[in-house]
Amino acid sequence: MPHTILTGDRATGPLHLGHYVGSLKQRVELQDHNQQYVLIADLQGLTDNGLNPSKVSKNILNVLSDYLAVGIDPDKTTICLQSALPALAELTMYYANLVTVSRLERNPTVKAEIASKQFGQSIPAGFLTYPISQAADITAFRADSVPVGDDQLPMIEQTNEIVRKVNRVAGKDILVECAPRLSNVARLPGADGKSKMSKSLGNALTLGATEDEIRATVKMMYTDPTHLRVSDPGKIEGNVVFTYLDAFHPDTELVQGLKTHYMRGGLGDNKVKSILEECLQEMLRPIRERRSRFLADKAMLIDILSRGTAEGVVKTNSVLYDVKQAFGLNLLK
Ligand code: TRP
């Protein structure tokens, strides 16, 4: 059955291979059989960049070009700019009255982010409340399905709590509950093997990475530190080069053969890395080329984003109307 799907990305940097594996590839498949909306979340990007807004503004068209370059098709997927949908900000204000501060402080994802960003006592109010704004995003499109990584599950839970409260206030079901659509692919580790891929950790390979950047990244990729000589048997588990071969190399039999050889001994890191490098170069070259062609045509990008956003304005305004109705506040229409 077709779903109404909403996903989005904070526009705080160009997208990388972690996004590609974790969500972009799925969106390209989902767009054929569902009503899919994708939100470039510039407002959410500001929640920890309020004093450094250019980090967000300069990345909006980067993210859009990334989408188009991987095959998200604006004729099938409606791509919207979050800050240009005023209903989202308004809905956030209505919902904020239904959520307690302690509930926000208990949100495990926000809690972990607050710790890792080292806000100390200086947590921006917008950051603490971003789950409310994300609930506005999801409900404003009447999305019933939200593709997420497991780190976003608390957002879905909080969204559905808000949905139930609004419906209780309204006395009828004006908002739709949403279900997470968990991706079955494992999160891609960064090139250092230490954690997930992330631009801010410096272990990411962006979709626009140059040939040299790809080469350098593969070269420094974490393998098996006990695999010192070519003749030594090597470990596959935790070996980022093999994790990436599993994720990207089209020839699974070849990869299986490499693994067996590596574990037995006699296969050097350099050889495996050169196979991975070639595979990544081939995969990323057309994406990089499309991406830079799109980026060079700013008028076309703005046109695509304007058209998607105009559709989003109509959709989200109708939900805002219903919510205001629930609160009895459509006096002036
Ligand atoms: N929170 C998401 C991220 O960290 C971005 C996002 C904003 C989003 N609004 C959304 C994701 C709505 C799914 C649904 O990138």
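Side chains are part of it too, since the values below use all heavy atoms of this structure and drop only hydrogens, waters and symmetry mates. Read the numbers this way: they start at 1 and go in the same order the structure lists the ligands and their atoms.
Each of the following atoms of ligand 1 lies closer than 4.0 Å to a heavy atom of Ala41: 7 (C).
Contacts between Gln152 and ligand 1 below 4.0 angstrom, taking non-hydrogen atoms only, involve the side chain exclusively.
The nearest protein atom to atom 2 (C) of ligand 1, hydrogens excluded, is given as Gln44 OE1, 3.5 Å; this is a heavy-atom distance. The protein heavy-atom contact nearest to atom 4 (O) of ligand 1 is Arg10 NE, 3.3 Å. Shortest contact from atom 9 (N) of ligand 1 to any protein heavy atom: Asp137 OD2, 2.7 Å.
Atom CG of Leu329 is surrounded by more than 12 heavy atoms from other residues, nucleotides or ligands within 6.0 Å.
Every residue was checked against the salt bridge (charged side-chain N to carboxylate O under 4.0 Å, His left out) condition with Lys219, not counting sequence neighbours, and none meets it.
Using a 4.0 Å cut-off between a side-chain N of Lys or Arg and a carboxylate O of Asp or Glu, Asp144 and Arg181 do not qualify as a salt bridge. Of the charged side-chain nitrogens involved, at least one lies within less than 4.0 Å of a carboxylate oxygen, so that Asp322 and Arg142 count as a salt-bridged pair.
Judged as a salt bridge (Lys or Arg N to Asp or Glu O under 4.0 Å), the pairs with a partner in residues 109-125 (not counting sequence neighbours) are, in order, Arg10-Glu113, Asp48-Lys117.
At a 3.5 angstrom cut-off on N or O pairs, Asp9 does not count as close to ligand 1.
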